[in-house]
Amino acid sequence: MYDTMIIGAGPAGMTAALYAARSNLKVALLERGIYGGQMNNTAEIENYPGYARISGPELAEKMFEPLENLGVEHLFGQVEKIEDHGNYKKIITEDGAFETKTVILASGANHRHLGVPGEEEYNSRGVSYCAVCDGAFFRDEDLLVVGGGDSAVEEAIFLTRFAKSVTIVHRRDQ
């Protein structure tokens, strides 16, 4: 039985685990993949305090190191269901079940993909999903923002600080 189980081992999940473990709780991180979340898909991070430039996987590793020293368990699995049994919760995965007194959900997010040829191949090498994160990498370039709503327009406006030009392609169901 854990005191706290955190579902998701991205930056938020690892931070929650750090504070829970420092509070002398028995803590586990439950993740379906490698710790670090989306930052593992980022070649270079230039907006994290304390580092002028660091790769996403390297930053994930540095964030995870203190958790091991504090005894946080890193478990793998895809959560299928969470059951509330009053004074404890049961987290059911495809490989088994875990019991805990508390659950913290830090499951992150997924980018919406277009599913066009080259999208995966050029991810982090020309294809980006975050203007604020990556806009400076595209200084003086002609950029294309694909989206359909306020967020696409906000991202495009932000990119005008760096880009030679910004074109918005409005996306609907095709």
Side-chain angles (χ1 to χ4, degrees), residues 1-115 119-137 147 151-152 154-155 158:
M1 167 85 69
Y2 295 97
D3 293 309
T4 301
M5 283 195 73
I6 299 144
I7 299 172
M14 288 192 284
T15 300
L18 178 71
Y19 280 94
R22 290 183 70 201
S23 296
N24 215 22
L25 299 174
K26 184 177 179 185
V27 180
L29 273 170
L30 180 59
E31 173 63 45
R32 65 180 174 197
I34 189 167
Y35 52 83
Q38 291 184 41
M39 79 171 91
N40 283 302
N41 301 325
T42 305
E44 288 187 357
I45 296 173
E46 293 182 333
N47 62 350
Y48 190 82
Y51 297 99
R53 178 177 289 157
I54 188 168
S55 75
E58 187 179 6
L59 181 57
E61 186 69 36
K62 289 190 179 297
M63 291 177 78
F64 188 73
E65 283 173 13
L67 302 181
E68 291 179 302
N69 297 334
L70 290 168
V72 173
E73 291 185 49
H74 185 214
L75 308 171
F76 295 95
Q78 176 73 35
V79 175
E80 294 180 348
K81 184 162 85 169
I82 301 173
E83 296 176 350
D84 185 354
H85 293 274
N87 58 349
Y88 77 97
K89 314 303 178 240
K90 190 175 204 175
I91 299 174
I92 300 168
T93 71
E94 74 276 6
D95 296 324
F98 304 95
E99 293 180 352
T100 182
K101 295 175 187 171
T102 60
V103 176
I104 296 174
L105 297 176
S107 54
N110 291 313
H111 301 296
R112 292 180 80 183
H113 294 265
L114 296 172
E119 182 177 12
E120 293 300 318
E121 177 185 347
Y122 293 108
N123 185 19
S124 296
R125 291 185 302 274
V127 173
S128 173
Y129 299 94
C130 177
V132 173
C133 306
D134 301 334
F137 295 131
S151 58
E154 288 171 10
E155 298 282 287
F158 179 81

Seminar exercise, completed: Note: Asp134 and Ser128 closest approach over all heavy atoms is OD2-OG, 2.5 Å

Seminar exercise, completed: Which of Leu105, Ile92, Thr100 passes side-chain contact (heavy atoms from CB on, under 4.5 Å) with Ile82? It is Leu105

Exercise. Can you tell me if OH on Tyr19 sees more than 12 non-hydrogen neighbours from other groups inside 6.0 Å?
Worked result: no

Exercise. Which pair of non-hydrogen atoms, one from Glu31 and one from Ile34, has the smallest distance, and what is that distance?
Worked result: CG-O, 3.9 Å

For this session: Report, as yes or no, whether the 6.0 Å neighbourhood of atom CG on Asn24 holds more than 12 heavy atoms from other residues, nucleotides or ligands.
Result: no

Problem set entry | For the student: nearest non-hydrogen atoms of Leu75 and Met5, plus distance | CD1-CE, 3.9 Å

Exercise. Do the side-chain N and O atoms of Glu73 and Tyr2 include a donor-acceptor pair separated by under 3.5 angstrom?
Worked result: yes

Seminar exercise, completed: By salt bridge (Lys or Arg N to Asp or Glu O under 4.0 Å), Lys101 pairs with (sequence neighbours left out) Asp3

For this session: Determine the interplanar angle of the Tyr35 and His74 rings, folded into 0 to 90°, and report it as parallel if under 30°, tilted if 30 to 60°, perpendicular if over 60°.
Result: perpendicular

Exercise. What heavy-atom pair brings Gly147 and Ala152 nearest, and what distance separates the two atoms?
Worked result: CA-CB, 3.6 Å

Exercise. Are any side-chain N or O atoms of Glu119 and backbone N or O atoms of Leu114, one a donor and one an acceptor, separated by less than 3.5 Å?
Worked result: yes

Exercise. In terms of heavy-atom contacts, does OH of Tyr88 have more than 12 from other residues, nucleotides or ligands at under 6.0 Å?
Worked result: yes

Exercise. Hey, what do you get for OG (Ser23) to CG (Leu18), rounding to the nearest 0.5 Å?
Worked result: 9.5 Å

Problem set entry | Counterpart residues, side chain to side chain donor-acceptor pair (under 3.5 Å), relative to Thr4 (two or more places apart) | Thr102

Exercise. side-chain contact (heavy atoms from CB on, under 4.5 Å) between Lys62 and Tyr51: does it pass, once the steps are laid out?
Worked result: CA-CA 11 Å; Lys62 289 190 179 297; Tyr51 297 99; 3.0 Å; yes

For this session: Could you tell me the separation between the CD atom of Glu99 and the CD atom of Glu83, rounded to the nearest 0.5 Å?
Result: 9.5 Å

For this session: Hey, could you give me the CD/CG distance between Gln78 and Leu30, rounded to the nearest 0.5 Å?
Result: 9.0 Å

For this session: Might you point out which heavy atoms bring Gly8 and Leu29 nearest each other, and give the distance in Å?
Result: O-CD2, 3.4 Å

Exercise. How far apart are the C-alpha atoms of Asn123 and Tyr129, what are their side-chain angles, what is the distance that settles it, and do they pass the side-chain contact (heavy atoms from CB on, under 4.5 Å) test?
Worked result: CA-CA 9 Å; Asn123 185 19; Tyr129 299 94; 3.5 Å; yes

For this session: Quick one: closest heavy-atom pair of Ile45 and Gly56, and the distance?
Result: CD1-CA, 3.7 Å

Exercise. Going through the distances and angles, do Phe98 and Thr93 end up as a side-chain contact (heavy atoms from CB on, under 4.5 Å)?
Worked result: CA-CA 8 Å; Phe98 304 95; Thr93 71; 4.0 Å; yes

For this session: Give, for atom CE of Met1 and atom CG of Asn87, the distance between the pair rounded to the nearest 0.5 Å.
Result: 7.0 Å

Distance-only criterion, 3.5 Å: show the donor-acceptor pairs between side-chain atoms of residues 9-16 and protein atoms not counting sequence neighbours.
residue, atom, partner, partner atom, Å
Thr15, OG1, Pro11, O, 2.8

